[in-house]
Colleague: 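Supplied in structure tokens, the structure appears directly below.
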Amino acid sequence: INLVNFTCTFLVIMQLNNSNMSLTRLPVSWHLSHSAVLPWHQVTPNGSLVLLRVNHSAQGTYSCYDNSGRLLRSIKLRLGHPPGRLTISCQVPNHTHVRCSWVETVKTFLPAEYNASFSNGKEWSPCIVDVTQKHCDVVHPAFWQPIHTLRITETNALGSKNTTASVKLHELLKPDPPESVLVKELGGYPKKLLISWRFPSSWPQHDAFPLIFHIRYRPQGSMFWSEIYSLDNSIVIWDALAGHLHQVQVRTRDEINAESQWSEWSPLLLGRPWEDYTTPEPDVEPEDIFTLPTKSKPEASTPKSRGSKHGDEGNLGLVILLVLFSVVILTTIFSLIFVVWMRQRRRDHATKQELTSMVKMKSIPI
Ligand SMILES: *[C@@H]1O[C@H](CO)[C@@H](O)[C@H](O)[C@H]1NC(C)=O
Ligand SMILES: *[C@@H]1O[C@H](CO)[C@@H](O)[C@H](O)[C@H]1NC(C)=O
């Protein structure tokens, strides 16, 4: 805003009420509430206040006084913009509830009112507005309709603006995450974990709206999740890593509607499989028996390290055997080369002798 012009018209009326009807204008003075100085301004000869290049610090109540200190006029200055478009997003946590929230794309600096309605294509019904949270709620929408329209009207002192958004309930359906997720050990089973959870409390618990659950788990520190899907409220994991803390999360989705969305993951939960604390002696025979038959999967660290110790001894024997073997092979090769070389030398010697004798023969004059 570059210019604000406040007139102090009351002064003129006072002049008219004088008996001699003089039109001489008395000087007035302007003051701004909560401030000793006025922003950059001019007071025109007829008493108007002109503010130049106004910013938000110029907001407040301006008062005009006559030369005897009497209040003539008071005006409130508030700066802002008319409403702009809204950015609308909707959440559908179950089949009976739609909540749409919005944010302003234009900061108006002015208090606003919102009116929202929801249409199934034929008729409009209200979307109940919460002004402070900037959202509105529709209960029992016509879920069988593929597309709905939401219209929100923002109104402030400077104007009003409609924003419409099309809403596809089927694609927006996204349950809240499963609740009360628990991880429990199963006594006597060092590789099993029991994971249980409850339906999100915002999801109606009828058979009419089944949910599918997606469970993921991994030993703490691992990068890779193992995953299971389930229609039940609990599951037993068979391949936990014995002796390790595991991270577990569960999420859910409407089982029937494949276009709907997965919920967020439940918070990360930690659980450890059962461990045999009753045998602290180093004698680990029973554990050996238990873990040996399942070699294919990543195993508990204790049997593995023991296994590698056995392997070290075996490896040493193998190395010695290899060295002996290569010594034998090398000796054989060297003696063979030597024999061949000796033979060659002898043959060379013979041919040289033959050659010299031939030369001699040639040179003999016949
Ligand atoms: C809000 O919109 C509805 C439907 O369009 C209308 O009937 C109602 O009068 C409006 N209310 C306000 C406060 O504008
Ligand atoms: C649907 O979700 C809303 C919002 O979380 C909740 O208030 C409502 O009770 C839920 N409806 C049912 C039937 O659970």
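Side chains are part of it too, since the values below use all heavy atoms of this structure and drop only hydrogens, waters and symmetry mates.
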Colleague: Can you get from Val129 to Leu110 by hopping between Ile, Leu, Val, Met, Phe, Trp and Tyr side chains that sit under 4.5 Å apart?
Modeller: no

Colleague: Quickly, which of Leu194, Ile195, Leu193 forms a side chain to side chain contact (heavy atoms under 4.5 Å, CB included) with Ile235? Name it, please.
Modeller: Ile195

Colleague: Give the minimum heavy-atom separation between Tyr217 and Asp239, together with the two atoms involved.
Modeller: OH-OD1, 2.8 Å

Colleague: List the steps, then state whether side-chain contact (heavy atoms from CB on, under 4.5 Å) holds for Arg151 with Thr163.
Modeller: CA-CA 6 Å; Arg151 185 181 63 206; Thr163 307; over 6 Å; no

Colleague: Given 3.5 Å as the limit, does a donor-acceptor pair link the side chain of Ser222 with the main chain of Arg218, or not?
Modeller: no

Colleague: Check whether more than 12 heavy atoms from other residues, nucleotides or ligands sit under 6.0 Å from atom NZ of Lys192, and answer yes or no.
Modeller: yes

Colleague: Measuring only between side-chain heavy atoms, which start at C-beta, is Pro200 closer than 4.5 Å to Thr252?
Modeller: yes

Colleague: Shared ILVMFWY cluster between Ile228 and Val181, side chains joined below 4.5 angstrom?
Modeller: yes

Colleague: Side chains of Asp176 and Ser263: is there a donor and an acceptor less than 3.5 Å apart?
Modeller: no

Colleague: State whether cysteine residues Cys127 and Cys136 meet the disulfide criterion of an SG-SG distance below 2.5 Å.
Modeller: yes

Colleague: For the hydrophobic clusters of this structure (ILVMFWY residues joined by side-chain heavy atoms under 4.5 Å, transitively), does one cluster hold both Val138 and Val131?
Modeller: yes

Colleague: Do you know which two heavy atoms are closest between Lys191 and Pro273, and how far apart they sit?
Modeller: N-CB, 4.5 Å

Colleague: So Glu275 and Glu185, do their side chains get closer than 4.5 Å, heavy atoms only?
Modeller: no

Colleague: Looking only at side-chain N and O atoms, does Gln91 offer a donor or acceptor that is under 3.5 Å from a partner on Arg99?
Modeller: no

Colleague: When rounded to the nearest 0.5 angstrom, what distance separates OG in Ser101 from CG in Leu86?
Modeller: 11.0 Å

Colleague: May I ask you to check whether Gln59 and Arg78 show a side-chain donor-acceptor distance below 3.5 Å?
Modeller: no

Colleague: Taking atom types as modelled and ignoring hydrogens, do the side chains of Asn115 and Ser117 form a donor-acceptor contact shorter than 3.5 angstrom?
Modeller: no

Colleague: Tell me the closest heavy-atom pair linking Val236 and Trp238, and the distance in Å.
Modeller: O-CD1, 3.3 Å

Colleague: Kindly work out whether a path of hydrophobic side-chain contacts (I/L/V/M/F/W/Y, heavy atoms less than 4.5 Å apart) joins Leu182 to Leu186.
Modeller: no

Colleague: Tell me, do Pro178 and Trp203 make a side-chain contact under 4.5 Å, heavy atoms counted?
Modeller: no

Colleague: Just do the side-chain contact (heavy atoms from CB on, under 4.5 Å) check on Thr132 and Asp130 with the steps written out, would you?
Modeller: CA-CA 6 Å; Thr132 49; Asp130 181 328; 2.8 Å; yes

Colleague: What I want to check is whether the side chains of Asp66 and Ser68 have a donor and an acceptor closer together than 3.5 Å.
Modeller: yes

Colleague: Quick one: does Asn257's side chain get under 4.5 Å of Glu259's, heavy atoms only?
Modeller: yes

Colleague: Please examine the side chains of Thr155 and Pro83, heavy atoms only from C-beta on, and report whether any two atoms are closer than 4.5 Å.
Modeller: no

Colleague: Tell me whether His148 contacts the main-chain N or O of Ala165 through its side chain, where contact means a donor paired with an acceptor under 3.5 Å.
Modeller: no

Colleague: Among side-chain atoms of Thr153 and Asn162, is any donor-acceptor pair under 3.5 angstrom?
Modeller: yes

Colleague: Is there side-chain contact between Gln247 and Leu269, with at least one heavy-atom pair below 4.5 Å?
Modeller: no

Colleague: Which heavy-atom pair separates Phe213 from Trp262 by the least distance, and what is that distance?
Modeller: C-CZ3, 4.5 Å

Colleague: Is Glu264 salt-bridged to Lys174, cutoff N-O under 4.0 Å?
Modeller: yes

Colleague: To the closest 0.5 Å, what do you measure between CG (Leu72) and SG (Cys64)?
Modeller: 4.5 Å

Colleague: For the residue pair Thr96 / Asn94, report whether a side-chain donor-acceptor contact shorter than 3.5 Å exists.
Modeller: yes

Colleague: Please confirm whether the ring centroid of His214 lies under 6.0 Å from the ring centroid of Trp265.
Modeller: yes

Colleague: Could you tell me if the ring centre of His31 sits under 6.0 Å from that of Tyr62?
Modeller: no

Colleague: Ignoring hydrogens and geometry, is there a side-chain-to-backbone donor-acceptor pair from His244 to Ala242 under 3.5 Å?
Modeller: yes

Colleague: Any heavy-atom pair between the side chains of Arg216 and Val248 that's under 4.5 Å?
Modeller: no

Colleague: Does Asp232 use its side chain to pair, donor to acceptor, with the backbone of Ser234 at less than 3.5 Å?
Modeller: no

Colleague: Does a donor on one side chain sit under 3.5 Å from an acceptor on the other, for Glu179 and Ser201?
Modeller: yes

Colleague: When rounded to the nearest 0.5 angstrom, what distance separates CD1 in Ile320 from CG in Leu318?
Modeller: 10.0 Å

Colleague: What's the separation between atom CD1 in Ile88 and atom NE2 in His135, rounded to the nearest 0.5 Å?
Modeller: 14.0 Å

Colleague: Please report the C-alpha distance between Tyr114 and Trp102 in whole Å, then the side-chain angles of each, then the deciding distance to 0.1 Å, and finally whether the side-chain contact (heavy atoms from CB on, under 4.5 Å) criterion is met.
Modeller: CA-CA 10 Å; Tyr114 301 94; Trp102 56 87; 3.4 Å; yes

Colleague: Measure from the side-chain N and O atoms of Ser33 to the backbone N and O of Thr61, and report whether any donor-acceptor pair falls under 3.5 Å.
Modeller: yes

Colleague: Nearest 0.5 Å, please: how far is OG in Ser260 from CG in Leu173?
Modeller: 5.0 Å

Colleague: Would you check if Phe118 and Pro141 make a side-chain contact, meaning some heavy-atom pair closer than 4.5 Å?
Modeller: yes

Colleague: Identify the two heavy atoms, one from Val167 and one from Cys90, that lie closest to each other, and give their separation to 0.1 Å.
Modeller: CG2-SG, 3.9 Å

Colleague: I'd like to know if the side chain of Arg85 and the backbone of Glu104 have a donor-acceptor N/O pair within less than 3.5 Å.
Modeller: no

Colleague: May I ask whether Tyr229 and Leu231 are part of the same hydrophobic cluster, defined by side-chain heavy atoms of I, L, V, M, F, W, Y residues being less than 4.5 angstrom apart, directly or through others?
Modeller: yes

Colleague: Show the nearest heavy-atom pair for residues Pro204 and Phe209, with the distance to one decimal.
Modeller: CG-CD1, 3.6 Å

Colleague: Working note: Val183 + Leu270, criterion side-chain contact (heavy atoms from CB on, under 4.5 Å); need CA distance, chi angles, decisive distance, verdict.
Modeller: CA-CA 7 Å; Val183 186; Leu270 293 175; over 6 Å; no

